[in-house]
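In the text below, chain A, chain B and the rest are named by the order of the sequence lines, each starting its count at 1. Just so you know, these numbers use all the heavy atoms, side chains as well, and skip hydrogens, waters and symmetry mates.
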Amino acid sequence: MGQQSSRTSAGKGKGKEFVKEITPQAVDYSQWYIDVVLKTEMMDYAPVKGCMAIRPYGYAIWEKIQELLDRRIKETGHQNAYFPLFIPQQLLQKEAAHVEGFAPEVALVTRGGDEKLSEPLVVRPTSEAIICDFYSRWIQSWRDLPLLINQWCNVVRWEKVTRPFLRTSEFLWQEGHTCHRTEEEAEAEALKILGLYQEFLETEMAIPVIAGRKSEREKFAGALRTYTIEGLMRDGRALQAGTSHNLGQHFARVFDITYLDQDDTLKYVWQTSWGVSTRLIGALIMVHGDDRGLVLPPQIAPLQAVMVPILSKKAKDEVLAAAHRLTGILQQQAGIRLKLDDREGYSPGWKFNEWEMKGVPLRIELGPRDLQKEQVVVVRRDNGDKETLSWTELPRRLPLLLDQLQEDLYRRALQYQQEHTRSGADYDEFLQVMEHDYGFYVASWCGREECELKAKEESKATIRCIPFNRQLEHESCLVCGEKAAELVYFARAY
RNA sequence: CGGGGCGUAGCGCAGUUUGGUAGCGCGCUUGGUUCGGGACCAAGAGGUCGCGAGUUCAAAUCUCGCCGCUCCGACCA
């Protein structure tokens, strides 16, 4: 692990620095991120470069993402299935652009046991190739369409630069792979899923995103068109949070996925593929987190509230009994994910800091004084607001507080995104912005890759997406000044 | 893949310049006193010094190689 001496050694006094050992964002954002994922026990590094263990607290978040997203995927008519981890190398090589795109980062298995394999096996970097191989046999007739399948799995991409959750050599994701009769239907599917992703991120994860199309240069290897949702992190850099591809007939042609249509002619299917990954956890951390650690939106938080009893010597038994009773009632009547932290040997203050670092949305304090008045103190993680509530109103009030917190997190994130979105036609200003403040820069573009590359070389920013249905704000290209064709979002990206 | 930093107990570090039997703080264990924002006392446990070669009577320390983490640049969910 790297060294960081950026700690603020706040001393032992009752200062404001309760959460020790997390580098402040303003000091070193990258180090803040690393500190948070390690100290909150979301992950731990593996002995193999770029790999990690996702620890229970991190995995619980992934399970919430899976639960909420899987429901949506099924509600739109998709079924889950599982395809093999190993792909014969020749299969991957069938689609030219696809191989070219993934070749630099595939892991290859050349031995099995003590025998050399006659044909090397690729560890899936994505499953288009292997799934298309199956689809070519499963699809015969127009009646077999549309075919709507999703799988949850791990994939491997041999990355050179890795960061926990954001880019690892192995990661978890879901990948949908669909086949359709017509181009229109495939296009509609790709857009429907993008909308589904956007709705999921905004309502469940409280992360606002910009939805749009990728430029030719940025699109998926082998796709006709790639759609994306882009989020803005707290350091002003953009993160691609999900993608949806209209694959056209590129794969259908090389994998020979054909069906006999009603007019008695053999036709190639139109395909889509789409996915989101454990990278979403990284987005969650960066969009909402603060100097005290994680801040989790209630919908995604494994724990929505934690009750901390304050155990004075005389009232210890009574407080604990009341805390247990209240916890049970709230779990049932309020239907919230609540934990009672009744560990002994940790002071209340220690527990406060611990759960704040882990981002639990609400803390409920119950002490001897509260016992007499049959009340508790409830504290919000996001803004520290405290309120005293009677036991009787808790079951009704807690869900409302959680809803409010969820909404506030989204609003705050949206406000940040808007405040860090500039638009203009001044290339020098654009370079300045990308040098110092980052954020989105909305500009006009002529559509030529030459300008895209020039901007990238000079600013390190890329075209993150071309948003839907937006009027040009300026007539000429930000870079070359020629007639503009499209409105685009530039940003420095993860 | 190129450049910089780092790797000593679970975590943070000292020790390396000038080779000579591995130390501090936190955490952990046990017992006791505590408990409304990281409590205190006492007694303990815990280390092949990233891995592998080499130099040497002797290597955490010197030499070479490799691995990993991290930051900055070229490719990507």
Report which part of the nucleic acid [X] touches: base, sugar-phosphate, or nothing (heavy-atom distance under 4.0 Å, all strands).
X        : value
A:Gly367 : base
A:Arg492 : sugar-phosphate
A:Gln240 : sugar-phosphate
A:Gly282 : nothing
A:Pro368 : base
A:Pro348 : base
A:Val276 : nothing
A:Val161 : base

At less than 4.0 Å, is any side-chain N or O atom of [X] found next to OP1 or OP2 of [N]? Yes or no.
X        : N      : value
A:Thr243 : B:rA77 : no
A:Tyr346 : B:rC28 : yes
A:Arg163 : B:rC71 : yes
A:Ser347 : B:rA39 : yes
A:Lys460 : B:rG73 : yes
A:Lys49  : B:rC69 : yes
A:Arg217 : B:rC76 : no

With a 4.5 Å cut-off on side-chain heavy atoms, are A:Arg464 and A:Thr228 touching?
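They are not in side-chain contact.
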Looking only at atom [atom1], what distance separates [N] and [M], rounded to whole Å?
N      : M      : atom1 : answer
B:rU16 : B:rC49 : C1'   : 11 Å
B:rG5  : B:rC11 : P     : 23 Å
B:rC26 : B:rC40 : C1'   : 15 Å
B:rG27 : B:rA39 : P     : 9 Å
B:rG44 : B:rA9  : C1'   : 15 Å
B:rC6  : B:rU61 : P     : 16 Å
B:rU48 : B:rU8  : P     : 13 Å
B:rG7  : B:rC51 : C1'   : 11 Å

Reported [atom1]-to-[atom2] distance for the pair [X] and [Y], which is rounded to 0.5 angstrom:
X        : Y        : atom1 : atom2 : result
A:Leu405 : A:Leu398 : CG    : CG    : 11.5 Å
A:Lys351 : A:Asn353 : NZ    : CG    : 13.0 Å
A:Trp274 : A:Tyr227 : CH2   : OH    : 15.5 Å
A:Ile207 : A:Gln417 : CD1   : CD    : 11.0 Å

Residue [X], side-chain heavy atoms: nucleotide from [options] that is nearest:
X        : options                : result
A:Ser30  : B:rG36, B:rC71, B:rA77 : B:rC71
A:Arg157 : B:rG37, B:rG73, B:rC76 : B:rC76
A:Lys316 : B:rC76, B:rG37, B:rC35 : B:rC35
A:Lys313 : B:rG36, B:rC35, B:rG37 : B:rC35
A:Val379 : B:rG37, B:rC71, B:rA77 : B:rG37
A:Lys456 : B:rC75, B:rG37, B:rC76 : B:rC75
A:Ile34  : B:rG36, B:rC76, B:rU70 : B:rU70

With under 30° as parallel and over 60° as perpendicular, where do the rings of A:Phe251 and A:His98 fit, or are they tilted in between?
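Perpendicular.
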Parallel, tilted or perpendicular: which one describes the rings of A:Trp173 and A:Phe171, with boundaries at 30° and 60°?
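A:Trp173 and A:Phe171: perpendicular rings.
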For the ring pair [X] and [Y], is the centre-to-centre distance below 6.0 Å?
X        : Y        : result
A:Tyr135 : A:His177 : no
A:Tyr427 : A:Phe430 : yes
A:Phe102 : A:Phe220 : yes

For atom [atom1] of [X] and atom [atom2] of [N], their distance in whole Å:
X        : N      : atom1 : atom2 : answer
A:Glu230 : B:rA77 : CD    : C1'   : 11 Å
A:Leu311 : B:rU33 : CG    : P     : 15 Å
A:Ile22  : B:rG12 : CD1   : C1'   : 15 Å
A:Glu159 : B:rU70 : CD    : C1'   : 17 Å

Now, which nucleotide makes the Watson-Crick or G-U wobble pair with [N], with each of the two distances under 3.5 Å?
N      : value
B:rA43 : B:rU29
B:rG19 : none
B:rC24 : B:rG12
B:rU56 : none
B:rC51 : B:rG65
B:rG73 : B:rC1

5'-most by nearest nucleotide on RNA chain B - A:Ser169 or A:Ala46
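In this pair, the answer is A:Ala46.
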Using the closest heavy atom to pick a nucleotide of RNA chain B for each, name whichever of A:Lys160 or A:Glu170 lands nearer the 5' end.
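Upstream on the strand: A:Lys160.
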Hey, is A:Trp173 doing a stacking thing with B:rA77, by the 5.5 Å centroid and 30° angle criteria?
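Stack criterion not met.
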N/O donor-acceptor pair, side chain A:Ser277 with base B:rA77, under 3.5 angstrom
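Such a pair exists between side chain and base.
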Is there a donor-acceptor pair under 3.5 Å between the side chain of A:Gln79 and the backbone N or O of A:Leu148?
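Between the backbone of A:Leu148 and the side chain of A:Gln79 there is no qualifying donor-acceptor contact (under 3.5 Å).
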B/S/- along nucleotides 45-50 of chain B (protein heavy atoms under 4.0 Å) is ------
